[in-house]
Number of protein chains: 2
Amino acid sequence: MNKNPFLEYISKFITLTPKEETILLSKIVQRNYLKDQYIVQQGDVCKTANFIISGCTKTYYIDLEGQEHIVMFSIEDWWSSDLGSFITQTPADFNVQCLENTKLIQFNYENLEELYKEIPKLERLFRKIVERAYVASQKRIIRNFSLPAKERYKIFNATYPKINQRVPQYLIASYLGITKEFLSKIKNQLVSK
Amino acid sequence: MNKNPFLEYISKFITLTPKEETILLSKIVQRNYLKDQYIVQQGDVCKTANFIISGCTKTYYIDLEGQEHIVMFSIEDWWSSDLGSFITQTPADFNVQCLENTKLIQFNYENLEELYKEIPKLERLFRKIVERAYVASQKRIIRNFSLPAKERYKIFNATYPKINQRVPQYLIASYLGITKEFLSKIKNQLVSK
DNA sequence: AGTAAATATTAATCTAGTTTAACATTATTT
DNA sequence: AAATAATGTTAAACTAGATTAATATTTACT
């Protein structure tokens, strides 16, 4: 029905007047990134909240041993930034990098603060979005503790089949908290059964 | 300065007029639970958001093998409920049980929805609270993957010294995702070094 | 089409953390 | 004060998953 995929998405949470939509659109920017480009780099302050129109990103953390740990993947209709860095405007713990050419809508930090003043309803929108994200994050912690890797992989596959198809397996292994070798073994076991 | 510890807490995020404070206070209930009492039970719909005035709770999940997994501990000035159940009003995945006699402020689901209408500023309050909780949750996932148990325990101890003193070690082990026996070994190693 | 780079598999060896089980200590109740 | 329940420790045997290293396979580039 709706023109803009972002307005479409928003309409699941709140209803904006045409005037509010205009204000909102005036304060956001659409931007294209190429595969492998960084949206956020560890150590930089994350200045934007990013809504993905198309494409795919990985959010990851490089530990003291130089190892990469995937925090999340993001695809169409989801968000992608270092929220901790964004809300506190302090250096990012995470990197966000494009796994595909990616088109996204960006909220600049200052613009978003202004938007909250102009359209208080947006507080509700983001409250609801973050609530959901938080709940998913808690459930992931529990899964990591209470299920063996094979089960976690099956759930990942069932929950995000699109991501599983688009993303290399060594990154999925990292997301699941296991090595690529062990994921390979698990997949073998699942097939040969 | 402030009379009520909950209003005190809120004032860190938003400023309410005296009138708004009155409305808010009229829609919340203070309640006392005894040690071991349940605030939420797995399978029930969580009807309240609970802010702890004093005391301590554990939020946990019983897995298919009957094993308990600690999701979080909550003490004074923090929240304690199954947020997933609360926001969707569907059966809870988690139990919330008091580890001490606990005094808390309860927001009933319907009351909170009304409050959001009457005091839209509260959307901002809860947006900010959940943002912080989400960020902490993401960081916990990363720590669980990138650090060995001994480091996780040290960080837990440094971050929540109060909780570490008040809560039995087998529950802390569960929170860290390890067995009580292994935590005992770790503590021994830390002392004897 | 041919080569290099990126991704995936396999298998042997190793280790962080589990399991089991027995015992020690600390609280709580009567 | 004794008895019981709850919590904590120790140690041996075990396992899920890591590490290392060699080899395949797929993808992208010239």
Side-chain angles (χ1 to χ4, degrees), chain A residues 34-37 56 58 60 62-70 73 97-101 141-157 163-193, chain B residues 34-37 56 58 60 63-70 73 97-101 140-157 163-193:
Chain A
L34 295 174
K35 186 179 176 191
D36 295 333
Q37 271 194 301
C56 183
K58 61 173 175 177
Y60 63 102
I62 303 285
D63 72 17
L64 296 169
E65 271 92 50
Q67 278 219 273
E68 171 174 332
H69 300 276
I70 300 288
F73 299 110
Q97 193 178 9
C98 296
L99 294 171
E100 301 172 2
N101 293 344
I141 289 172
I142 283 299
R143 273 200 305 275
N144 289 342
F145 282 153
S146 60
L147 299 175
K150 194 192 278 185
E151 295 308 310
R152 268 145 49 206
Y153 174 67
K154 282 196 228 166
I155 290 171
F156 175 80
N157 202 8
I163 294 178
N164 197 21
Q165 281 154 27
R166 283 158 81 165
V167 167
Q169 270 171 43
Y170 69 94
L171 292 178
I172 291 169
S174 171
Y175 176 87
L176 294 171
I178 58 178
T179 57
K180 59 193 198 313
E181 291 85 357
F182 193 59
L183 178 54
S184 184
K185 201 173 184 178
I186 285 173
K187 289 191 70 180
N188 192 328
Q189 285 168 6
L190 289 172
V191 170
S192 63
K193 206 179 357 173
Chain B
L34 294 174
K35 186 179 175 189
D36 295 336
Q37 273 195 301
C56 182
K58 62 173 173 177
Y60 63 101
D63 72 18
L64 296 169
E65 273 92 47
Q67 276 217 276
E68 173 175 331
H69 300 275
I70 301 288
F73 299 109
Q97 193 177 9
C98 297
L99 294 172
E100 302 172 3
N101 293 344
R140 187 170 163 210
I141 290 173
I142 283 300
R143 271 200 305 274
N144 289 342
F145 282 153
S146 60
L147 297 176
K150 193 192 281 189
E151 296 307 312
R152 268 145 48 208
Y153 173 68
K154 282 196 229 167
I155 290 171
F156 175 80
N157 201 6
I163 295 178
N164 196 22
Q165 281 153 29
R166 283 157 82 166
V167 167
Q169 270 172 44
Y170 70 94
L171 293 178
I172 290 169
S174 171
Y175 175 87
L176 294 171
I178 58 178
T179 59
K180 61 189 194 318
E181 292 84 357
F182 193 58
L183 178 53
S184 184
K185 200 173 183 176
I186 285 172
K187 288 191 70 181
N188 193 328
Q189 286 170 5
L190 289 174
V191 169
S192 65
K193 208 185 345 169

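Proteins come first, then strands; the chains are lettered A, B, ... in the order of their sequence lines, and each starts at number 1. Only this structure's heavy atoms are used, side chains among them; waters, hydrogens and symmetry mates stay out. Every value quoted in this text rests on a predicted model; they were computed, and no experiment measured them.
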### Message
Run the side chain to side chain contact (heavy atoms under 4.5 Å, CB included) test on B:Asn144 and A:Asn144 for me, step by step, so that the C-alpha distance in whole Å, both residues' side-chain angles and the decisive distance to 0.1 Å come before the verdict.
### Response
CA-CA 9 Å; B:Asn144 289 342; A:Asn144 289 342; 5.9 Å; no

### Task
Round to a whole Å and report the spacing from CG of B:Leu183 to C1' of D:dT7.
12 Å

### Message
OP1 or OP2 of C:dT9 versus the side-chain N and O atoms of A:Asn188: is any pair under 4.0 Å?
### Response
no

### Task
Whole angstrom is fine here: how far is it from CD in B:Glu100 over to C1' in C:dA27?
15 Å

### Task
Send over the distance from A:Asn164 CG to C:dT7 C1', rounded to a whole Å.
15 Å

Kindly give the atom pairs (protein nitrogen or oxygen, nucleotide nitrogen or oxygen) under 3.5 Å for nucleotides 21-24 of chain C.
none

### Task
Not counting sequence neighbours, list each pair that qualifies as a salt bridge (charged side-chain N to carboxylate O under 4.0 Å, His left out) and has a residue in residues 163-177 of chain B.
B:Glu76-B:Arg166, B:Glu100-B:Arg166

Distance-only donor-acceptor pairs under 3.5 Å for side chains of residues 170-186 of chain A, two or more places apart:
{"unit_1": "A:Ser174", "atom_1": "OG", "unit_2": "A:Glu68", "atom_2": "O", "d": "3.3"}
{"unit_1": "A:Ser174", "atom_1": "OG", "unit_2": "A:Ile70", "atom_2": "N", "d": "2.8"}
{"unit_1": "A:Thr179", "atom_1": "OG1", "unit_2": "A:Phe182", "atom_2": "N", "d": "3.2"}

### Query
Which listed nucleotide (D:dT9, C:dT7, C:dT10) is nearest to the side chain of B:Gln169?
D:dT9

### Task
Produce a footprint string for nucleotides 24-30 of chain D: one letter per nucleotide, 5' end first; B if the base is under 4.0 Å from any protein heavy atom, S if only the sugar-phosphate is, - if neither.
-------

### Message
Which nucleotide wins on minimum distance to the side chain of A:Ser184, given the candidates C:dT9, C:dT7, D:dG8?
### Response
C:dT9

### Task
Could you give me the CA-CA distance, side-chain angles and deciding distance for B:Asp63 and A:Phe145, then say whether side chain to side chain contact (heavy atoms under 4.5 Å, CB included) is met?
CA-CA 10 Å; B:Asp63 72 18; A:Phe145 282 153; over 6 Å; no

### Task
Starting from C1' on D:dA16, measure out to CG on A:Asn144 and report it in whole angstrom.
15 Å

### Task
Return the value, rounded to whole Å, for the distance between atom CZ of B:Arg166 and atom C1' of D:dT7.
18 Å

### Message
Please report the end-to-end axis angle for the helix from C:dA1-D:dT30 to C:dT30-D:dA1, five pairs per end, rounded to 10 degrees.
### Response
50°

For nucleotides 13-17 of chain C, list the nitrogen or oxygen atoms of the protein found under 3.5 Å from its nitrogen or oxygen atoms, one pair per line.
{"unit_1": "C:dG17", "atom_1": "OP1", "unit_2": "B:Ala149", "atom_2": "N", "d": "3.2"}

#### Entry: A:Leu147 vs A:Tyr153 side-chain heavy atoms within contact, under 4.5 Å
no

### Message
Has A:Asn101 got a side-chain atom pairing as donor or acceptor with A:Leu34's backbone, closer than 3.5 angstrom?
### Response
no

### Task
Verify side chain to side chain contact (heavy atoms under 4.5 Å, CB included) between A:Ile141 and B:His69, making sure each step is shown before the conclusion.
CA-CA 10 Å; A:Ile141 289 172; B:His69 300 275; over 6 Å; no

### Message
Tell me whether B:Gln97 contacts the main-chain N or O of B:Lys58 through its side chain, where contact means a donor paired with an acceptor under 3.5 Å.
### Response
no

### Task
Take the protein atom CD of B:Gln189 and the nucleotide atom C1' of D:dT9, then report the distance between them rounded to whole Å.
13 Å

### Query
Between atom OH in A:Tyr153 and atom P in C:dA8, what is the gap in whole Å?
10 Å

### Task
Grab the CG-P distance between B:Asp36 and C:dA27 for me, whole Å please.
17 Å

### Query
Under the 3.5 angstrom rule, does the side chain of B:Arg143 hit a backbone N or O of B:Arg152 as a donor-acceptor pair?
no

